[in-house]
Amino acid sequence: MLSEKDWQESVDLIAQNADVIVLTKVPSLRASDTDAMRERLESFGVHCICIDDYAQAYHEALSLAGTGGNVFVFGSLYLAGALRVHVEN
């Protein structure tokens, strides 16, 4: 997520419905602090994995989800756009 967004509210909602969350850096200078997000999520008892490289984070999430699992990408159109290009290649 970008730093000017209210990421706390989004993180609180996601924490209610996730088993594991893979956090990554948004490819933008305005990116939020993933360590602060990890700390907030862990306060809800959610297991978090931080991987700076968004492509590696995506593949780790796919691996963790396994067959029939779900992976949701959210937080920034910058991240979604970069991942879309990665997945299409």
Side-chain angles (χ1 to χ4, degrees):
M1 285 193 171
L2 299 179
S3 58
E4 65 268 15
K5 303 295 181 185
D6 181 17
W7 59 264
Q8 292 90 346
E9 183 178 347
S10 297
V11 164
D12 293 355
L13 290 171
I14 293 156
Q16 299 172 26
N17 298 296
D19 297 320
V20 178
I21 293 180
V22 180
L23 297 170
T24 192
K25 302 251 184 211
V26 174
S28 170
L29 296 175
R30 299 176 4 228
S32 294
D33 179 11
T34 54
D35 289 331
M37 286 185 195
R38 178 187 48 78
E39 289 175 14
R40 188 168 186 104
L41 285 161
E42 288 177 343
S43 75
F44 289 101
V46 177
H47 178 65
C48 294
I49 300 168
C50 292
I51 301 173
D52 286 344
D53 180 85
Y54 64 86
Q56 289 178 354
Y58 174 72
H59 290 289
E60 178 67 15
L62 288 175
S63 176
L64 289 168
T67 304
N70 295 306
V71 172
F72 297 94
V73 176
F74 69 93
S76 167
L77 290 176
Y78 292 105
L79 177 60
L83 275 173
R84 180 177 180 195
V85 169
H86 174 75
V87 169
E88 289 176 349
N89 292 328

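All values below were derived from every heavy atom in this structure, side-chain atoms included, with hydrogens, water molecules and symmetry-related copies excluded.
For the pair I21/V11, no side-chain contact is recorded, criterion being any heavy-atom separation below 4.5 Å from C-beta on. Taking 4.5 Å as the limit, some side-chain heavy atom of H59 sits within range of a side-chain heavy atom of H86. Considering only heavy atoms from C-beta on, T24 stays 4.5 Å or farther from Y58 through its side chain.
A search for side-chain contact (heavy atoms from CB on, under 4.5 Å) contacts involving L77 returns nothing, not counting sequence neighbours.
The minimum heavy-atom distance linking I51 with A57 is given by the pair CG2-N, 3.8 Å. Across A15 and V46, no two heavy atoms sit closer than the pair O-CG2, 3.5 Å. Nearest heavy atoms, L13 versus N17: O-ND2, 3.4 Å. For T34 against K25, the heavy-atom pair with the smallest separation is OG1-NZ, 3.9 Å. Taking each heavy atom of C48 and L41 in turn, the nearest pair found is SG-CB, 3.4 Å.
The hydrophobic clustering, which links ILVMFWY residues whose side-chain heavy atoms are closer than 4.5 Å, places M37 and F44 together. Linking Ile, Leu, Val, Met, Phe, Trp and Tyr whenever their side-chain heavy atoms come within less than 4.5 Å leaves V22 and V73 in two separate clusters. Linking ILVMFWY side-chain heavy atoms closer than 4.5 Å, directly or via other members, places V87 and L79 in a single hydrophobic cluster.
Ion pair D12/R40 flagged as a salt bridge, since at least one NZ, NE, NH1 or NH2 atom sits closer than 4.0 Å to an Asp/Glu carboxylate oxygen.
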Criterion side-chain contact (heavy atoms from CB on, under 4.5 Å) on L64 and I49, from CA distance to verdict: CA-CA 11 Å; L64 289 168; I49 300 168; 3.6 Å; yes

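With rounding to the nearest 0.5 Å, the separation of CG in D52 from CG in L23 is 10.5 Å. Note that OH of Y54 and CG of L83 are 6.5 Å apart. Values are rounded to the nearest 0.5 Å.
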